[in-house]
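A short write-up of the structure that comes next.
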Amino acid sequence: MSKIGIFYATGKGDTQKACEYLASKLTAEILPVKDAGSEDFLKFDLLILASPSYGFGELQKDWEAKLETLKNADLSGKKVAILAVGNQERHPDSFCGGTVEFLPCIKKAKLIGATPNDGYKFDHSQSFINGKFIGLAIDTKGDAAYEAKLDKWAKQLKAEL
Ligand SMILES: Cc1cc2nc3c(=O)[nH]c(=O)nc-3n(C[C@H](O)[C@H](O)[C@H](O)COP(=O)(O)O)c2cc1C
């Protein structure tokens, strides 16, 4: 069975809560990225990288501090999926944008779990490329159906494993 690790950063707990929910839908280990060492990135077949956006579409700071470690990890043969948390109403010009910063760090891995815009209203997101989010984007405060989106995504990831 594929080993799945969820690495998350959180400012106020929304992303942590979403990751705990997602972990309950997958058989997955969950780690705050601030506690992760380089060896942790190598332990899994699928890495789920989760972050809220802060600033103007930037990763939460715990992830900023670990990007170089992630970039130096040899992720050949592994799969990566990206979970972005944001707020479409307050940040319509950078909705869930921060997670685009993962892309240069995971070049050796295969990115899975891209999704279409599932009913969100925003003007721009750095993580929405060629008509798709590079992973799953959720708005835990402005979208009552976010858990249903996580349910659907968990099934998608299992199918793409
Ligand atoms: C100062 C600040 C900047 C933010 N910038 C963005 C942003 O650029 N894009 C976005 O989608 N959400 C943005 N947000 C919203 C957060 O990403 C959102 O509240 C999220 O649920 C926080 O998750 P957390 O509790 O895991 O930290 C921002 C929030 C704050 C307080």
Side-chain angles (χ1 to χ4, degrees), residues 4-37 40-41 43-44 46-71 73 79-106 111-157:
I4 305 175
I6 303 176
F7 296 83
Y8 72 91
T10 192
K12 302 250 163 38
D14 297 339
T15 309
Q16 180 178 357
K17 195 172 155 209
C19 287
E20 284 166 357
Y21 183 81
L22 182 64
S24 75
K25 301 288 155 180
L26 298 164
T27 308
E29 225 177 280
I30 175 166
L31 294 93
V33 74
K34 63 177 161 45
D35 298 338
D40 291 311
F41 292 128
K43 287 202 300 209
F44 302 98
L46 168 64
L47 291 81
I48 299 174
L49 313 179
S51 181
S53 289
Y54 280 95
F56 183 76
E58 288 154 32
L59 285 175
Q60 201 272 350
K61 62 179 173 47
D62 292 343
W63 260 120
E64 298 285 2
K66 285 288 158 75
L67 278 186
E68 207 52 35
T69 311
L70 179 67
K71 195 172 186 175
K79 291 177 178 164
V80 168
I82 292 173
L83 176 63
V85 179
N87 185 319
Q88 61 190 320
E89 198 182 328
R90 283 177 181 243
H91 303 276
D93 294 323
S94 57
F95 176 52
C96 284
T99 50
V100 77
E101 293 181 56
F102 288 133
L103 292 185
C105 305
I106 55 160
L111 186 64
I112 64 169
T115 59
N117 177 13
D118 195 357
Y120 290 126
K121 288 196 176 68
F122 61 93
D123 296 322
H124 179 72
S125 170
Q126 300 92 323
S127 297
F128 192 72
I129 298 174
N130 295 332
K132 281 193 164 187
F133 283 109
I134 57 174
L136 178 68
I138 54 169
D139 177 348
T140 63
K141 295 187 194 82
D143 178 15
Y146 85 88
E147 286 186 342
K149 289 189 169 79
L150 286 168
D151 291 339
K152 193 173 163 190
W153 197 52
K155 286 191 190 128
Q156 180 182 342
L157 294 182

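Both ligands and their constituent atoms are indexed starting at 1 by order of listing.
- Here the CG atom belonging to Asp62 is positioned 11.0 Å from the CG atom belonging to Leu67, to the nearest 0.5 angstrom.
- Only backbone heavy atoms of Cys96 (N, CA, C or O) come within less than 4.0 Å of ligand 1; its side chain stays farther off.
- Those atoms of ligand 1 that come under 4.0 Å of a heavy atom in Gly86, given as number and element, are 10 (C), 11 (O), 12 (N), 17 (O).
- Atom-to-atom distance recorded for Ile82:CD1 and Ile106:CD1 is 4.5 Å, nearest 0.5 angstrom.
- The shortest N or O to N or O distance between Gly97 and ligand 1 is not under 3.5 Å.
- Here the protein heavy atom with the shortest distance to atom 21 (O) of ligand 1 is Asp14 OD2, 2.7 Å.
- Looking only at distances, a side-chain donor or acceptor of Thr115 sits under 3.5 Å from a matching main-chain atom of Gly135.
- Residue, atom and distance of the protein heavy atom nearest to atom 12 (N) of ligand 1 are Asn87 N, 3.3 Å.
- For atom 28 (C) of ligand 1, the nearest non-hydrogen atom of the protein is His91 NE2, 3.2 Å.
- Between Phe41 and Phe7, the angle of the ring planes lies from 30° to 60°, which puts this pair in the tilted group.
- Contact atoms of ligand 1 toward Thr15: 23 (O), 24 (P), 26 (O) (distance under 4.0 Å to a heavy atom of the residue).
- Nearest protein neighbour of atom 2 (C) of ligand 1, counting heavy atoms only, is Tyr54 CD2, 3.7 Å.
- Within ligand 1, the atoms closer than 4.0 Å to a non-hydrogen atom of Phe95 are 11 (O), numbered from 1 in the order shown.
- Contact atoms of ligand 1 toward Val85: 17 (O), 20 (C), 21 (O) (distance under 4.0 Å to a heavy atom of the residue).
- Ion pairing between Asp14 and Lys17 fails under the 4.0 Å rule for side-chain N and carboxylate O.
- The shortest N or O to N or O distance between Gly55 and ligand 1 is under 3.5 Å.
- Of all the atoms in ligand 1, the ones that sit under 4.0 Å from a non-hydrogen atom of Gly11 are 24 (P), 26 (O), 27 (O).
- Between Lys66 and Lys34, the closest heavy-atom pair is NZ-O, 3.0 Å.
- Atoms of ligand 1 found under 4.0 Å from any heavy atom of Ser94, numbered from 1 in the order shown, are 7 (C), 8 (O), 9 (N), 10 (C), 11 (O).
- Under a 3.5 Å cut-off, the side chain of Glu58 and the backbone N or O of Glu101 do not form any donor-acceptor pair.
- The shortest N/O to N/O separation between Gly57 and ligand 1 falls below 3.5 Å.
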Under the side chain to side chain contact (heavy atoms under 4.5 Å, CB included) rule, what do Gln60 and Thr15 come out as? Steps first, then yes or no, please.
CA-CA 10 Å; Gln60 201 272 350; Thr15 309; over 6 Å; no
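- In terms of protein heavy atoms, atom 23 (O) of ligand 1 is closest to Pro52 CB, 3.3 Å.
- A side-chain contact (heavy atoms from CB on, under 4.5 Å) with Leu49 is found for one member of Val33, Leu59, Leu70, Thr99 and no other, namely Leu70.
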side-chain hydrogen bond (donor to acceptor under 3.5 Å, both in side chains), that's the test. Do Tyr21 and Asp151 meet it? Break it down for me.
CA-CA 9 Å; Tyr21 183 81; Asp151 291 339; 2.8 Å; yes
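- Of all the heavy atoms in Cys96 and Ile138, the pair that sits closest is SG-O, 3.9 Å.
- Between Phe128 and Phe95, the distance from one ring center to the other does not fall under 6.0 angstrom.
- Taking a cut-off of under 4.0 Å to the non-hydrogen atoms of Thr10, the atoms of ligand 1 that pass are 24 (P), 25 (O), 26 (O), 27 (O).
- Contacts between Lys141 and ligand 1, counted as non-hydrogen atom pairs separated by less than 4.0 Å, involve the side chain only.
- Below 3.5 Å of separation, one finds no N or O of Phe56 facing any N or O of ligand 1.
- Protein heavy atom at the shortest distance from atom 17 (O) of ligand 1 is Ser53 O, 2.7 Å.
- In terms of polar-atom proximity, defined here as any N/O pair under 3.5 Å, Glu58 makes no such contact with ligand 1.
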